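Take a look at the structure set out below.
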There are 2 protein chains.
Amino acid sequence: MTAARTARGRGAGRPTLEEVAARAGVGRGTVSRVINGSPRVSDETRAAVEAAVAELGYVPNRAARALAANRTDAIALVVPEPEARFFAEPYFSDIVRGVGAALADTEMQLLLTLVGGDRERRRLAQYLASHRVDGVLLVSVHADDPLPELLEQLGIPVVISGRRREDEPLASVDSDNYEGARAAVAHLVARGRRSIATITGPLDVYGARRRLDGYRAALAEAGLEELTAHGDFTEEGGRRAMAELLERAPHLDAVFAASDVMASGARQVLREDGRRIPDDTALVGFDDSAIARHMDPPLTSVRQPIEEMGRAMAELLLAEITATEPARPSLVLPTELVVRASS
Amino acid sequence: MTAARTARGRGAGRPTLEEVAARAGVGRGTVSRVINGSPRVSDETRAAVEAAVAELGYVPNRAARALAANRTDAIALVVPEPEARFFAEPYFSDIVRGVGAALADTEMQLLLTLVGGDRERRRLAQYLASHRVDGVLLVSVHADDPLPELLEQLGIPVVISGRRREDEPLASVDSDNYEGARAAVAHLVARGRRSIATITGPLDVYGARRRLDGYRAALAEAGLEELTAHGDFTEEGGRRAMAELLERAPHLDAVFAASDVMASGARQVLREDGRRIPDDTALVGFDDSAIARHMDPPLTSVRQPIEEMGRAMAELLLAEITATEPARPSLVLPTELVVRASS
DNA sequence: ATCACGGCTGGGAGCGCTCCCACACTAGTA
DNA sequence: TACTAGTGTGGGAGCGCTCCCAGCCGTGAT
C-alpha cells in the first residue's frame, strides 16, 4: 500500500530516480549517469535503465535537480514594462518566438519577468539572484541602466538586445540599423528623389543614432544635403516633425522616418497638406510592422530580423552559460528593405 | 574560513535559512514560520528574525522550497506556436501584460511555454507534469484539443482563454463576442444603414460563431435581412468574402467584419470597386488592433479587453490553486465599440 | 499544590536529485 | 605472481527548505 504514491495531489504517483534504479536493478548513481548522458556507462546497463525509464514514464524532478546541482536550467527574459507598451508590436512576440525556438531542443525553460516601476526594478537583481536563473536576457536596455552591470557582478550571464553604445562590453544582439537606414535612403536616391528628409528617433537611443548616421552616409554618397527633424518614435512626434519639415523645406520629395509609427504620423500630415504618396512625396519607415503592411499606400520599410535576434540572443546566452571563459560577442544581424507602394 | 560561501560562482555567498536562524538566535523552524507568515510566532521573535533577514539580505531558495513543499510557485502560460503567429498582434503581448500584472504582487513566477508541432504537443502534458507547475494558462484552445482534459486528469489547475462551447466545463475567461458584434451592427443601424453584410470568421471557432449570432440578433431587432459571407480571419479571406458579397449584393451599404484583418482585406476590394468609406459603404471590424487605428480611414472596431482578460485568467488560476473545492467559473468580459471614421 | 491545556519553539526527518568517493573487476605490465 | 591502471558501479552525504512532533513555558482550573 504505497499510499503516498497513489494519493491525489500534485506530483503524486510520479516515479523517482530510486524507483527507476530498483526496477532496472542498478544503483541510483547509474540511473543519474544515464539520464545525464554520461559516457561512463556500459551499453547493457544503459539499455536496462532506459527501458525502466520508459516503462515507468520517469521524468526528472527539476526542483530536486536544481537544488542538488545548483543550477536551474532556466533563463529569464526580462521585459521592462513601460517600454514594452511601445514596441509591443510586433517586437515582443517575435523575440519570444525566436527565444522559444532556440530553447525548444534544450532542457532550458523560459521565465518571463515583467518589470514595472523603478521600485521593482531595484529589487530585480536580488530577485533574479534568488531565483538562481542560469542566465538573463535583457531587452530594451537604456544607456544608463545599471541592471546589466549589476547582473554581471553577481556572476549571472547576460545578453542584451541592442547595443547601448559602439563598444558594448556585454554580449549583445543588434540589427544593422546603420546599413538598414543607408539602404532605405539609397533606395530613395535610386528612385530619383533629391530632397530627402529624415525624422529621427530619440538620439539618446543608440539604434536611433545609427539610423541617422546611415541616412547621412547615403546622402553623402549621393552628394545630397541633409534635412533633419527630431521625433521620439511616437505617432504624434512623427506628425510634429513632418509639419516642421514641410515648413522648413516645402520642396522636399521624400521622407525617411526612423520608425513606422512616426511614418504613420508623417503620412497624415502629408495628406492634410494635399500631397500624394508616393507621387509628390515618397515615404519610407523602419520596423516593417503591421502598420507598414496595412498603411495606405503600403509603406516601404526596413525589416529587422526580430525573431532571428531572439534566437541569437538565446544561443549566445546558452553559450555563455556553458562556457568557462566569458566571450561577450556583439552580434549584428542584417536588415532588409521591404519595398512597397509608398516609395 | 567558510570557503564554500565566499567562493565565486552562481548562488555563492547567499545566506541560508540556517544562517538567518543562527544570527537571530532562533531555530530553523521559527525562521521558516516568519518567512511564510505563520501567526504562531511572538512579536519579538518575529522582529529579531526580520532584522536578521534584512541584515543578511536573505532570500529563500526556490528550488529547496519547491522540493520540500511539493509546489513550485510557478504557473505556465502555454502558447501554441502556429496560432501564435496569427493573433500575435496585439493579443499575445497584452495577455502577457495582464498576467504579469496579476502576478506582480505574488510570489508566483511565469513560465512561458511555446508549443510547436503535434509531436511537442503530445509531450506537453508530461512536460508540464514533470515541471510540477502549480497551474496552467492555456490560450487559443481548439474545440477538439485533448490537452485541457489531460491536464485536468493530472490534477493540474487550468484556465483557458475563450470558451470552446457554450457550456465550457473548465475555468475560462472570454470576451463578450455576442454583445460586441450586436453593438457594432446596432451602431451601423443607428447610422442609417439598411443593407448590412457580415464577413464571418471560421465557424468552428466558438467566438466567431458568437459574433455571427450577435450580428443576426442586431439585424433581427432592426427587422433587417442578413447577408453573410464566410472568411477565415485572414486578409485574403476578407478580400474573397468581400468580392463575393459585392457580386451577390451590390446594393449593400455596410459591412461588419469579424476581425480587423478581414476588414482590411474587405477595404481593399471596396476601394478597387470605387466605393468610398464610409460614404458609400460603412465598415466595422473586430479586435481594435493596430491595423484598425492606422487604417485609412481609421476603422471602427470592437475592442476586447485583452489585458484584463489576461489578468482575470491569472486571478482565476491563483484562486483555483489555493482553493480546496474546484469552482471552474466562466468569466465573460464586456467588449467596447470604438467608433472611428469608417462608419 | 497539582494538573491540563494552550501558545511558542527547536530540531529531526525527508523531499529527489547530483556529486564524489570507494570498491569491484578486468586487463595490461614488470 | 604481484602490482598498476582503467572502467563501471553502488551508495553516502548533502543541497536548503517544509512539515511535524515533542518539549518548553505560563496560565487558569481543580
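Quantities reported herein were computed from a predicted structural model and do not represent experimental measurements. Letters A, B, ... mirror the listed sequences (proteins, then strands); counts begin at 1.
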For the residue pair Leu138(B) and Leu147(B), establish whether any side-chain heavy-atom pair is separated by less than 4.5 Å.
yes
I want to check one thing: is the phosphate of dG10(D), taken as OP1 and OP2, less than 4.0 Å away from some side-chain N or O of Thr30(A)?
yes
Check whether any side-chain nitrogen or oxygen of Thr16(B) sits under 4.0 Å from OP1 or OP2 of dC15(D), and answer yes or no.
no
Which residue lies toward the 5' end of DNA chain C, Gly25(B) or Ala64(B), if each is placed at its nearest nucleotide?
Gly25(B)
CG of Leu67(A) versus C1' of dT18(C): gap in Å, rounded?
10 Å
Whether Ser32(A) contacts dC19(C) is assessed here as follows: a side-chain N or O lying under 4.0 Å from the phosphate OP1 or OP2. Is that the case?
no
dG10(C) base / Arg33(B) side chain donor-acceptor hit below 3.5 Å
yes
Taking the side chain as everything from C-beta on, heavy atoms only, tell me whether Pro157(A) gets closer than 4.5 Å to Leu151(A).
no
So, OP1 or OP2 of dT18(C): does either fall under 4.0 Å of a side-chain N or O from Asn70(A)?
no
Rounded to whole Å, CG of Leu17(A) lies from C1' of dT18(C) at a distance of 9 Å
Can you check the Glu19(B) CD to dG16(D) P distance for me, whole Å?
8 Å
When you check the phosphate oxygens OP1 and OP2 of dG10(D), does a side-chain N or O of Arg28(A) lie under 4.0 Å from one of them?
no
Please check the phosphate of dG7(C) (OP1 and OP2 only) for any side-chain N or O of Arg40(B) closer than 4.0 Å.
yes
Using a strict cut-off of less than 4.0 Å between a Lys/Arg side-chain nitrogen and an Asp/Glu carboxylate oxygen, indicate whether Glu107(A) and Arg71(A) qualify as a salt bridge.
no
Considering only heavy atoms from C-beta outward, does the side chain of Ile75(B) approach that of Ile321(B) to under 4.5 Å?
yes
